2 protein chains.
Amino acid sequence: MLLCKKCIFARKVSAHFMEDSHKLDHSECQNRIRPVKEALAFLSGKWKLPIILSLWLGNKRFSEISKEVNGITDRMLSKELRDLEINGFVKRVIHDSYPVVVEYILTDYGKTLKPVIDALGEWGASYHSRPANGSKRASHPDTE
Amino acid sequence: MLLCKKCIFARKVSAHFMEDSHKLDHSECQNRIRPVKEALAFLSGKWKLPIILSLWLGNKRFSEISKEVNGITDRMLSKELRDLEINGFVKRVIHDSYPVVVEYILTDYGKTLKPVIDALGEWGASYHSRPANGSKRASHPDTE
DNA sequence: CAGGATCCTTGAGGATACTG
DNA sequence: CAGTATCCTCAAGGATCCTG
């Protein structure tokens, strides 16, 4: 489970919550949260996922991504692609032809996102179909 | 897979679906992006995950969460808890004792986040150690 | 075509003070 | 103790124009 012994005993939770938690100390417990937050921080931008999924289908040029990821501006696409490249998710391939053609491809590392995206997608679907309390929605359902 | 069946069948790409199929009309695939984005949108706040992880072990009072989730202000905790409650992740239990005690517990629905958090955590860990840097700002690494 | 440079908007999140 | 009410900051993202 996700918290450490200290956190557990602080509340005297029942044993079935513990699982392997007793192996963790408090700092480990925090270290467990950090990667999750790091992953979220990187993915939670508005465009990273759409771009990655767009590239999942194959190599794309700037203008193609621009068309596929609807609503993105050139500036944002440029920034996000650079960010994705810097972090090793996409590779930039420059063809020195008459009009310069730049292709972007997903790296193998980028493809390691699959389980994450799958988990998010599955949960997102069930989350989406659940009309919580009827009060309000946390996220705006946009129809693209 | 990340491609919708429609996209796959449209080109009969089966296992090799992502190679040269970037001309696919994958508007259907947008429907796969949305749940992912919804999930991310909900989770990507600064405090939802820490709060949820704090509650993972059992009931907590406001002040306990406040102490465990480092750095959060009362205002943010109040807002986030309300948001989590509205969306069915957390249940608010008011004990009419003296002094009034309010406990928050994770609902079963909230616990469905486990695969998501697990996936994010695992990937986040590898993401953290894999690229040339940990932060978003960095110099260009080598071409892979 | 493939972006970069500038400036601007917006809203998530923070600080502080107050209350039942 | 368990929150609200105001006000404020700051950075993600957007609009627009420019260029090799």
Side-chain angles (χ1 to χ4, degrees), chain A residues 10-11 37-38 40-52 54-55 59-87 90-105 135-140 142 144, chain B residues 22 37-38 40-52 54-55 59-87 90-105 135-137 139-140:
Chain A
R11 284 296 293 172
K37 287 170 73 176
E38 299 253 344
L40 274 172
F42 186 76
L43 290 176
S44 68
K46 192 169 176 182
W47 302 113
K48 291 236 173 32
L49 244 315
I51 291 172
I52 287 171
S54 171
L55 289 174
N59 308 356
K60 295 271 170 54
R61 280 147 57 187
F62 190 90
S63 51
E64 289 177 307
I65 305 174
S66 178
K67 267 178 281 184
E68 284 197 9
V69 179
N70 228 327
I72 195 169
T73 62
D74 285 352
R75 173 184 173 277
M76 288 314 294
L77 182 52
S78 172
K79 278 178 58 177
E80 300 285 20
L81 282 173
R82 196 182 323 131
D83 202 15
L84 288 167
E85 186 199 359
I86 285 172
N87 284 278
V90 306
K91 189 176 169 188
R92 204 160 169 270
V93 181
I94 307 175
H95 301 276
D96 248 355
S97 41
Y98 6 87
V100 157
V101 168
V102 181
E103 268 193 336
Y104 294 89
I105 72 177
S135 282
K136 126 186 193 215
R137 300 292 308 183
S139 46
H140 23 270
D142 48 8
E144 293 184 17
Chain B
H22 55 68
K37 287 170 71 178
E38 300 253 341
L40 275 172
F42 187 77
L43 289 177
S44 68
K46 192 170 176 181
W47 302 113
K48 293 240 172 33
L49 243 322
I51 292 172
I52 287 172
S54 170
L55 288 175
N59 312 355
K60 295 268 170 56
R61 294 194 279 276
F62 190 91
S63 51
E64 289 178 306
I65 306 173
S66 178
K67 267 177 280 186
E68 282 198 9
V69 179
N70 223 326
I72 195 169
T73 62
D74 286 351
R75 173 184 171 293
M76 288 312 295
L77 182 52
S78 172
K79 278 177 58 176
E80 299 286 19
L81 281 174
R82 198 182 320 129
D83 201 14
L84 287 167
E85 187 198 359
I86 286 173
N87 284 277
V90 159
K91 190 173 165 192
R92 201 161 172 268
V93 182
I94 306 175
H95 299 277
D96 250 355
S97 56
Y98 172 84
V100 79
V101 166
V102 181
E103 271 192 333
Y104 293 89
I105 73 175
S135 67
K136 291 173 134 188
R137 283 294 122 209
S139 53
H140 283 69

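Residue numbers start from 1 in every chain, and the chains themselves are labelled A, B, ... in the order their sequence lines are given, proteins ahead of strands. Note that this is a predicted model, so its numbers are computed, not measured.
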Q: Output the rounded distance in Å from NE2 (B/His95) to P (D/dG3).
A: 12 Å

Q: Could you give the CD1-to-P distance, from B/Ile51 to D/dG3, as a whole number of Å?
A: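 Checked: the CD1 to P distance equals 12 Å.
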
Q: Please determine, by modelled atom types, if A/Arg61 and A/Tyr104 share a side-chain donor-acceptor pair under 3.5 angstrom.
A: no

Q: Taking for each residue the nucleotide of DNA chain D with the nearest heavy atom, is it A/Val100 or A/Gly71 whose nucleotide lies nearer the 5' end?
A: A/Gly71

Q: In whole angstrom, what separates B/Ile94's CD1 from D/dC1's C1'?
A: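 Rounded to the whole Å, the gap is 13 Å.
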
Q: Would you indicate what A/Tyr104 reaches in the nucleic acid, counting non-hydrogen atoms under 4.0 angstrom: base, sugar-phosphate, or nothing?
A: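 Sugar-phosphate: the residue A/Tyr104, judged by heavy atoms under 4.0 Å, touches backbone atoms but no base.
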
Q: What do the steps show when you test B/Glu103 against B/His95 for side chain to side chain contact (heavy atoms under 4.5 Å, CB included), and what is the final call?
A: CA-CA 8 Å; B/Glu103 271 192 333; B/His95 299 277; 3.2 Å; yes

Q: Indicate yes or no: at least one non-hydrogen side-chain atom of B/Asp74 is less than 4.5 angstrom from one of B/Ser66.
A: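 Counting from C-beta outward, B/Asp74 and B/Ser66 do come under 4.5 Å.
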
Q: Closest approach to the side chain of B/Thr73, judged atom by atom: which nucleotide of D/dA2, C/dA15, D/dG3 is it?
A: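 Of the options given, the side chain of B/Thr73 lies nearest C/dA15.
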
Q: Which nucleotide in the list C/dA2, D/dG13, C/dG13 gets nearest to the side chain of B/Met76?
A: C/dG13

Q: What is the separation between atom NZ on A/Lys48 and atom C1' on D/dG13, rounded to the nearest whole Å?
A: 11 Å

Q: Would you indicate whether the side-chain heavy atoms of A/Leu43 and A/Leu49 approach each other to under 4.5 Å?
A: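 The answer is yes; the side chains approach within 4.5 Å.
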
Q: Once pairs are restricted to Watson-Crick or G-U wobble with both distances under 3.5 Å, how does DNA chain C read as a dot-bracket string, [ ] for crossings and | for other-strand pairs?
A: ||||||||||||||||||||

Q: If you check every side-chain atom of A/Lys46, which of D/dA2, D/dG13, C/dG14 has the closest atom?
A: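 Nearest listed nucleotide: D/dG13.
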
Q: A/Ile72 CD1 to D/dG13 P: how many Å, rounded?
A: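 In whole Å, D/dG13 P lies 10 Å from A/Ile72 CD1.
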
Q: Treat primed atoms plus P, OP1 and OP2 as sugar-phosphate and everything else as base, then score nucleotides 4-11 of chain D 5' to 3': B for base contact with protein heavy atoms under 4.0 Å, S for sugar-phosphate contact only, - for none.
A: SBBB----

Q: If you measure from CD on A/Glu80 to OG1 on A/Thr73, what distance do you get to the nearest 0.5 Å?
A: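 Answer rounded to 0.5 Å: 9.5 Å.
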
Q: Quick one: A/Lys60 NZ to C/dC1 P, roughly how many Å, whole number?
A: 17 Å

Q: Could you state the interatomic distance from CD1 (B/Ile72) to CD1 (B/Ile51), rounded to the nearest 0.5 Å?
A: 4.0 Å

Q: Report yes if some heavy atom in the side chain of B/Val102 is under 4.5 Å from a heavy atom in the side chain of B/Arg92; otherwise report no.
A: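 A side-chain contact under 4.5 Å exists here.
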
Q: C/dC1 C1' sits how many Å from A/Lys67 NZ, rounded?
A: 11 Å

Q: When the distance from OH of B/Tyr98 to P of D/dC1 is rounded to whole Å, what number comes out?
A: 12 Å

Q: One thing to verify: whether B/Glu68 and B/Lys60 come together as a salt bridge, which I'm taking to mean a side-chain N less than 4.0 angstrom from a carboxylate O.
A: yes

Q: Taking the side chain as every heavy atom from C-beta outward, state whether A/Leu81 and A/Ile65 have any atom pair closer than 4.5 Å.
A: yes

